[in-house]
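In what follows, chains are A, B, ... by sequence order, proteins preceding strands, each numbered from 1.
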Amino acid sequence: MIRLEKIYKKFERLEVLKGVDLVVEKGEVVVIIGPSGAGKSTLLRCVNLLERPTSGRVIFEGIDITRMDGREIDRVRERIGMVFQHINLFNHLNVLDNVTLAPVKVKGLSRSEAEHIANSLLARMGIEDKLYAYPSQLSGGQRQRVAIARALAMQPDIMLFDEPTSALDPEMIKEVLDVMSSLVKDGMTMIIVTHEMGFAREVADRIIFMDNGYIVEEGSPKEIFSNPKEERTVMFLSKILY
Amino acid sequence: MSDEPFFPFLMSILPHLGKGTLMTVELTIISVGIGVLIGIFGGIARVSKRPLLFIPSTIYVEIIRGTPLLAQLFIVYFGLPSLGINLPPFTSAVIAMGINSGAYVTEIFRGGIQSIERGQMEAARSLGLSYLQAMRYIILPQAFKRILPPLGNEFIAMLKDSSLASTIAIAELMRVGREITSRTFRSFEVLAVVALMYLAITLPLSLIVRYTERRMSVSD
Ligand SMILES: Nc1ncnc2c1ncn2[C@@H]1O[C@H](COP(=O)(O)OP(=O)(O)OP(=O)(O)O)[C@@H](O)[C@H]1O
Ligand SMILES: [Mg+2]
């Protein structure tokens, strides 16, 4: 479904991605782990071209999207949902409008069709009683669940998560991870950057360990967590798992 | 007539000054209205990465803000006729003041747009909204709320500066005051009343601006 080929990304003189190759098949759940500054977010943002790779190709459903013009890329982004560490709900819109805006303005759904989809998604996220609340009136966990509903409302083929629980208070992490687990059960294709190792072990088909702009090692959760081959992986895991 | 006691005299000139005040307000509303229209697009152009938008909008802002409004007014009213373009005083004033206000409002919008966290634009783009859709539905509505106080200040500044239009034969408050002065020779009283009439409009406005500013700093 997604194939990244030789992705390089430079910011000014800082090279953040140094030739990353990654294939994600339909229905697969790939979890990316690695130390701060490894380039995980940058890699994820290259998938939907929020960040333009300096070189390399991003192939989505067989088509190289790095060659597309702006409008075509907008059409591809409709099909790639993204959830951010800083949540980024639209502050001036209530929950329902946050979720229905893109389906109406981008997909051209009628207001009632969009609300129908939003209502069932928000019910699934457990926020059906907050439809008219504004983001500032919600807890962090509720906000992130609305953000997930907002992305899902476009009925994407794949979902990208960039540390969706890192900005949350500990007691709210579980409610967000539970929602993500239920997406995994539904067979959603997902790329997840996270520091939640327990969750990663549970849901991942494949774990990618990144450091310093490279994919250092990848494998099943068992291979990575129980039997890592690279020294850097061992060091990272020993720091994070104690 | 000029020996009349102050209050009867004041009563006799107030209707004229009232008309002048209306003209002043009208001039200001139309000019700032034009300024806001220019400013929305100017602000978007100023934050654009496209040189074709960024460079002209920057030049516009620098030229207008670096030259006196009086010069701009004269160029439109006295200068354009020598190019064969003759505009009536009111039209000239509104054009010059609108273009002038547009430069300041452009910078106000630029600041407002840039004050919205980057994540808002990114979230919008990740859903498939185009850059302009993201501006329209996500960034500008939030920016607009934040720039209400500076826009209020711009309106106050323009209200005062509209007195310059008195130099091109527009019967706004300042001009009316000076005409009364030259008829009655009671300069101090008349001009003091004129000044107070400006103050009567600007003071409440600036109190409102300060109030909304304070409320916003509490809410976010
Ligand atoms: N827009 C940018 N401009 C300049 N440098 C950037 C930009 N975005 C990221 N970087 C730099 O690129 C490097 C990798 O950043 P990235 O956010 O991809 O790391 P990460 O693996 O996601 O780390 P974290 O776990 O802290 O989120 C960092 O050194 C960061 O400072
Ligand atoms: Mg990151």
Side-chain angles (χ1 to χ4, degrees), chain A residues 41 44-45 47-52 69-93 97-108 114 134-137 143-144 146-156 158-162 167, chain B residues 36 39-41 43-54 108-152 212-220:
Chain A
S41 297
L44 205 61
R45 293 155 57 80
V47 172
N48 63 359
L49 299 186
L50 278 187
E51 217 68 78
R52 282 257 175 194
D69 68 28
R71 263 170 219 284
E72 292 173 312
I73 290 171
D74 290 338
R75 298 292 74 77
V76 172
R77 288 202 184 111
E78 284 178 42
R79 301 168 59 192
I80 305 179
M82 187 161 202
V83 175
F84 302 85
Q85 177 176 356
H86 297 293
I87 306 177
N88 301 333
L89 283 186
F90 304 135
N91 300 315
H92 63 306
L93 300 178
D97 289 337
N98 260 280
V99 179
T100 56
L101 180 100
V104 171
K105 301 299 180 196
V106 176
K107 272 191 158 176
Y134 283 83
S136 60
Q137 300 166 317
R143 262 182 255 166
Q144 193 59 294
V146 173
I148 293 171
R150 176 177 70 178
L152 290 174
M154 292 300 282
Q155 301 175 314
I158 176 170
M159 288 283 288
L160 313 176
F161 292 84
D162 190 1
Chain B
V36 169
I40 292 173
F41 296 102
I44 291 174
R46 284 278 283 140
V47 299
S48 170
K49 275 181 248 143
R50 294 167 196 245
L52 214 64
L53 294 175
F54 174 75
I108 292 173
F109 267 94
R110 180 191 58 72
I113 291 168
Q114 285 176 338
S115 79
I116 305 300
E117 315 76 73
R118 234 179 61 164
Q120 296 284 307
M121 175 58 92
E122 292 187 341
R125 298 308 304 277
S126 77
L127 290 163
L129 274 78
S130 69
Y131 180 81
L132 286 179
Q133 280 180 316
M135 270 291 167
R136 175 166 166 205
Y137 299 116
I138 306 302
I139 307 299
L140 286 177
Q142 295 183 62
F144 203 78
K145 216 180 110 194
R146 278 188 208 179
I147 68 177
L148 280 177
L151 271 186
T212 44
E213 246 167 0
R214 214 168 336 125
R215 256 198 29 194
M216 280 184 189
S217 67
V218 175
S219 81
D220 62 28

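Phe90(A) approaches Ala123(B) most closely through the heavy-atom pair CE2-CB, 4.0 Å. Among all heavy-atom pairs drawn from Leu129(B) and Asp74(A), the shortest one is O-OD1, 3.8 Å. Between Asn91(A) and Gln142(B) the shortest heavy-atom distance is ND2-OE1, 3.4 Å.
The part of Ile80(A) that comes within reach of chain B is its backbone (N, CA, C, O), which places non-hydrogen atoms under 4.5 angstrom from that chain. In this structure, the portions of Glu122(B) lying under 4.5 Å from any heavy atom of chain A include both its backbone and its side chain. Contact of Arg75(A) with chain B is made through the side chain alone, with heavy-atom distances under 4.5 Å.
In this structure a side-chain-to-backbone donor-acceptor pair under 3.5 Å is present from His92(A) to Tyr137(B).
Once rounded to the nearest 0.5 Å, the distance linking OG of Ser130(B) with NZ of Lys105(A) reads 12.0 Å. The line from CD1 of Ile138(B) to CG of Leu101(A) is 5.0 Å long, rounded to the nearest 0.5 Å.
Ranked by non-hydrogen atom pairs under 4.5 Å with chain B, the options Leu89(A), Leu93(A), Leu160(A), Asn48(A) are led by Leu89(A).
Remark: of the listed residues Arg45(A), Glu78(A), Met82(A), Met82(A) is the sole one forming a side chain to side chain contact (heavy atoms under 4.5 Å, CB included) with Ser126(B).
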